[in-house]
Amino acid sequence: MFNYTSFDESKVDFVEIVSATELPNGERLFVDLGDKPIVIFNIAGQYYAIGDVCTHDDGPLGDGVLEGDHVVCPRHGGEFDVRSGQAVQMPAVVDIPAYPVQVRDGVIFVGLPGK
């Protein structure tokens, strides 16, 4: 699993996603980067990217309700912190991948492990 709270930027490949104007505050964007389904959130002008698969039952996590910095899986209520990917509510006990996000010249980039 990848967690952007502790990553070596020299080992990350940043992929251009979309203009930041296309992801307004409070919205989310679903993307597939290779074989990784990812959801990007704009929370009060801060961008976060997490894996779009609940570790409890492989459900579509990004479709869940956003409560502050947490997203609640729509299937069984597992809850994850979008800033770190940490599972914070049962039945989810395994963290999800969290990816670094950068905004450069008004464009959102998501970092994937590589290099």
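Both backbone and side-chain heavy atoms feed into the values below; hydrogens, waters and symmetry mates do not. Here the structure is a predicted model, which means the values were calculated and not measured.
Nearest heavy atoms, Gly77 versus Pro91: C-CD, 4.2 Å. The minimum heavy-atom distance linking Thr55 with Ala92 is given by the pair OG1-CB, 4.4 Å.
Side-chain contacts under 4.5 Å among hydrophobic residues (ILVMFWY), followed directly or transitively, place Val94 together with Met90, Val93. When hydrophobic residues (I, L, V, M, F, W, Y) are linked wherever their side-chain heavy atoms come within less than 4.5 Å, Val72 remains an isolated member.
Grouping the Ile, Leu, Val, Met, Phe, Trp and Tyr side chains by contacts below 4.5 angstrom, directly or via other members, places Val88 apart from Phe80. In terms of hydrophobic clustering, with Ile, Leu, Val, Met, Phe, Trp and Tyr side chains grouped at heavy-atom distances under 4.5 Å, Leu112 and Val53 are assigned to different clusters. Residue Val65 is not grouped with residue Val39 when hydrophobic side chains (ILVMFWY) are merged at heavy-atom distances under 4.5 angstrom, including chains of intermediate members.
Taken to the nearest 0.5 Å, the OH atom of Tyr48 stands 13.5 Å off from the CD1 atom of Ile40. Within the model, atoms CG of Leu66 and CD1 of Ile43 stand 4.5 Å from one another, a figure rounded to the nearest 0.5 Å. To the nearest 0.5 Å, atom CG of residue Asp63 and atom CZ of residue Phe30 are 4.5 Å apart. In this structure, the separation between CD1 on Ile96 and CG on Leu61 is 5.0 Å, given to the nearest 0.5 Å.
Under the 3.5 Å distance criterion, the side-chain polar atoms of Asp52 are matched with a main-chain donor or acceptor of Gly62.
Residue pairs meeting the side chain to side chain donor-acceptor pair (under 3.5 Å) criterion with at least one partner in residues 17-30, sequence neighbours excluded, are Ser19-Thr21. Counting only residues at least two apart or on different chains, the ring-ring contact (aromatic ring centres under 6.0 Å, His included) pairs with a member in residues 54-74 are His56-His76. Listed by first and then second residue, the side chain to side chain donor-acceptor pair (under 3.5 Å) pairs that reach into residues 30-43 are Asn42-Tyr47, sequence neighbours excluded. Applying the salt bridge (Lys or Arg N to Asp or Glu O under 4.0 Å) test to residues at least two apart or on different chains, the pairs with a partner in residues 72-81 are Asp57-Arg75, Asp81-Arg83.
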- Task: Decide side-chain contact (heavy atoms from CB on, under 4.5 Å) for Leu33 and Ile17; before the verdict, give the C-alpha distance in whole Å, the side-chain angles of both, and the deciding distance to 0.1 Å.
- Result: CA-CA 9 Å; Leu33 298 179; Ile17 303 299; 3.9 Å; yes
